[in-house]
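Lettering follows sequence order; numbering is per chain, from 1. This one's a predicted model, so the numbers in the text were calculated from it and none came from an experiment. Just so you know, these numbers use all the heavy atoms, side chains as well, and skip hydrogens, waters and symmetry mates.
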Amino acid sequence: MMEGVPTVSRNAPMPATTEDASRVDAVRKWFHEAGRELPWRDGGTSPWGVLVSEIMLQQTPVVRVEPVWHAWMERWPTPAALAASTQADAIRAWGRLGYPRRAKRLWECAVALVERHDGEVPSTLEELRTLPGIGDYTAAAVVSFAFRGRATVLDTNVRRVIGRAWRGEALPAAHQTVAERALAASLVPQDDEGAADWAAASMELGALVCTARVARCDECPLASSCAWLAAGRPGLAEAPRRTQPWHGTDRQVRGRIMAVLRAASSPVNVTGHATLEDVEPGQLDRCLEGLVEDGLVTVVSADRGTYAL
DNA sequence: AACGCGGGGGC
DNA sequence: GCCCCAGCGTT
């Protein structure tokens with residue numbers, strides 16, 4: 001062994017310091033005082049209810065999800081109930097939440113739960129991760145929020161909180177780094193309940209206080225120890241924006257086509273539809289083709305140009 | 001690693 | 001009008 005070379009692998013889990021632990025505790029304490037009461041946080045919510053909420057919350061704010069989640073759970077209280085319905089009905093019930101492929105995958109997920117898991121939501125990261133629409137974040141969130149298990153829940157909120165308070169960075173990079181993940185993992189309390197509590201608390205802090213562009217540092221339980229605040233909150237104005245064009249894009253046209261098809265109970269002649277008159281025929285065809293390719297839309301009659309969900 | 005994918009509310 | 005939001009799957 002060479003002198004001065006660390007004997008611990010760089011990939012070994014880094015233990016949290018006692019200061020880390022006290023900061024984690026501060027965020028948890030704040031959460032119990034200031035956290036929102038959201039329906040899917042109700043202790044009586046089933047793992048299925050938590051899973052549905054997590055899929056809906058992927059890139060969609062809480063206020064928009066809430067009413068749709070209630071209606072969804074009323075109609076399909078179990079995976080078996082949704083699996084017995086059609087993909088088209090799932091997409092209709094999804095309404096205007098956006099990214100309708102999530103509705104498709106949620107329906108496929110329900111089918112997979114019935115076929116592979118006896119209609120139950122599995123409780124391990126590995127099993128969850130194989131289900132349609134469930135990636136690293138959502139699998140960890142279900143373990144944590146539905147089963148109160150220990151997982152590293154690292155969403156955009158938690159990344160921002162850790163990035164600022166621990167690393168002194170204004171906004172997280174586009175992609176997670178190994179170091180970032182290791183730091184996040186090191187902060188997770190050892191006990192299951194503590195871990196689940198920290199996951200919810202750190203996300204809530206990012207959602208309510210440590211927000212992207214207008215951080216409310218005066219309300220933050222980490223204000224006295226935050227690396228970013230101590231440095232004078234640098235880099236916020238220079239941080240790259242993620243704004244995407246909208247008006248006239250394929251994205252918008254796809255959404256408009258889906259809105260027409262959701263509202264219809266029988267096949268629609270999309271290319272001759274009054275609502276879509278202003279769309280260039282070439283773009284309309286391209287978007288239609290893409291939606292069919294994505295499995296969101298079916299061709300009823302190519303001759304007559306009719307389509308349905 | 002980069003890209004495509006909705007929609008709406010806050011600022 | 002800009003900007004962000006409890007990401008995922010594919011290339």
For atom P, what is the distance between B:dG8 and C:dC8, given to the nearest Å?
->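 Taking atom P in both B:dG8 and C:dC8, they lie 23 Å apart.
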
B:dC3 versus C:dA6 - spacing of their P atoms, nearest Å =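 B:dC3 and C:dA6 have their P atoms separated by 23 Å.
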
Judged by modelled atom types alone, do [X] and [Y] share a side-chain donor-acceptor pair under 3.5 Å?
| X | Y | value |
| --- | --- | --- |
| A:W166 | A:D20 | yes |
| A:T138 | A:R129 | no |
| A:S225 | A:E19 | no |

Report yes if a donor N or O on one partner sits less than 3.5 Å from an acceptor N or O on the other, where the partners are the side chain of A:R102 and the base of C:dG7; otherwise report no.
->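 No such pair is found, so the answer is no.
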
Is there a donor and acceptor pair closer than 3.5 Å between the side chain of A:T60 and the base of B:dG6?
->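 Result: at least one qualifying N/O pair found.
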
Using a 4.0 Å heavy-atom cut-off, does [X] contact any base of the nucleic acid, only the sugar-phosphate backbone, or nothing at all?
| X | value |
| --- | --- |
| A:R101 | base |
| A:R160 | sugar-phosphate |
| A:T156 | sugar-phosphate |
| A:A212 | sugar-phosphate |
| A:I134 | sugar-phosphate |
| A:R64 | base |
| A:L38 | base |
| A:W40 | base |
| A:T138 | sugar-phosphate |

Given atom [atom1] of [X] and atom [atom2] of [N], what is their separation to the nearest angstrom?
| X | N | atom1 | atom2 | answer |
| --- | --- | --- | --- | --- |
| A:R105 | C:dT10 | CZ | P | 7 Å |
| A:D250 | B:dG4 | CG | C1' | 10 Å |
| A:E204 | C:dC5 | CD | P | 14 Å |
| A:W69 | C:dA6 | CH2 | C1' | 14 Å |
| A:D294 | C:dC8 | CG | P | 18 Å |
| A:W246 | B:dG4 | CH2 | P | 15 Å |
| A:R129 | C:dC8 | CZ | P | 7 Å |
| A:L128 | C:dG7 | CG | P | 17 Å |

From the options [options], select the nucleotide whose nearest atom is closest to the side chain of [X].
| X | options | value |
| --- | --- | --- |
| A:H175 | C:dA6, C:dC4, B:dA1 | B:dA1 |
| A:T243 | B:dG6, C:dC2, C:dA6 | C:dC2 |
| A:E54 | C:dA6, B:dA2, B:dG7 | C:dA6 |
| A:P61 | B:dG6, C:dC4, B:dG7 | B:dG7 |

Return the 5'-most residue of the pair A:G255, A:Q176 with respect to DNA chain B, ranking by each residue's nearest nucleotide.
->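 Of the two residues, A:Q176 wins.
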
If you pin A:Q59 and A:R216 to their nearest nucleotides in DNA chain B, which one's is more 5'?
->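 Whichever sits nearer the 5' end wins; that is A:Q59.
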
Verify the contact: side-chain N or O of [X] to OP1 or OP2 of [N], cut-off strictly under 4.0 Å; return yes or no.
| X | N | value |
| --- | --- | --- |
| A:R241 | C:dC2 | no |
| A:Q58 | C:dA6 | no |
| A:R213 | C:dC5 | no |
| A:R254 | B:dG4 | no |

Tell me the partner of B:dG6, counting only Watson-Crick (N1-N3 plus N6-O4 or O6-N4) or G-U wobble (N1-O2 and O6-N3) with both under 3.5 Å; none if nothing fits.
->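 Its partner: none found.
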
Distance, nearest 0.5 Å, that separates NE2 of A:H175 from CD of A:E180 |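 Reported value, rounded in 0.5 Å steps: 11.5 Å.
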
Closest non-hydrogen atom pair between A:R160 and A:G206, with its separation =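 For A:R160 and A:G206, the tightest heavy-atom pair comes out as NH2-O, 2.7 Å.
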
I would like to know whether A:T306 and A:V270 meet side chain to side chain contact (heavy atoms under 4.5 Å, CB included); could you show each step before the answer?
-> CA-CA 6 Å; A:T306 52; A:V270 173; over 6 Å; no

Of A:P132 and A:M203, whose nearest nucleotide on DNA chain C comes first from the 5' end?
->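 Taking each residue's closest nucleotide, the earlier one in sequence belongs to A:M203.
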
Under the side-chain hydrogen bond (donor to acceptor under 3.5 Å, both in side chains) rule, what do A:Y137 and A:E54 come out as? Steps first, then yes or no, please.
-> CA-CA 9 Å; A:Y137 161 75; A:E54 289 302 335; 2.8 Å; yes

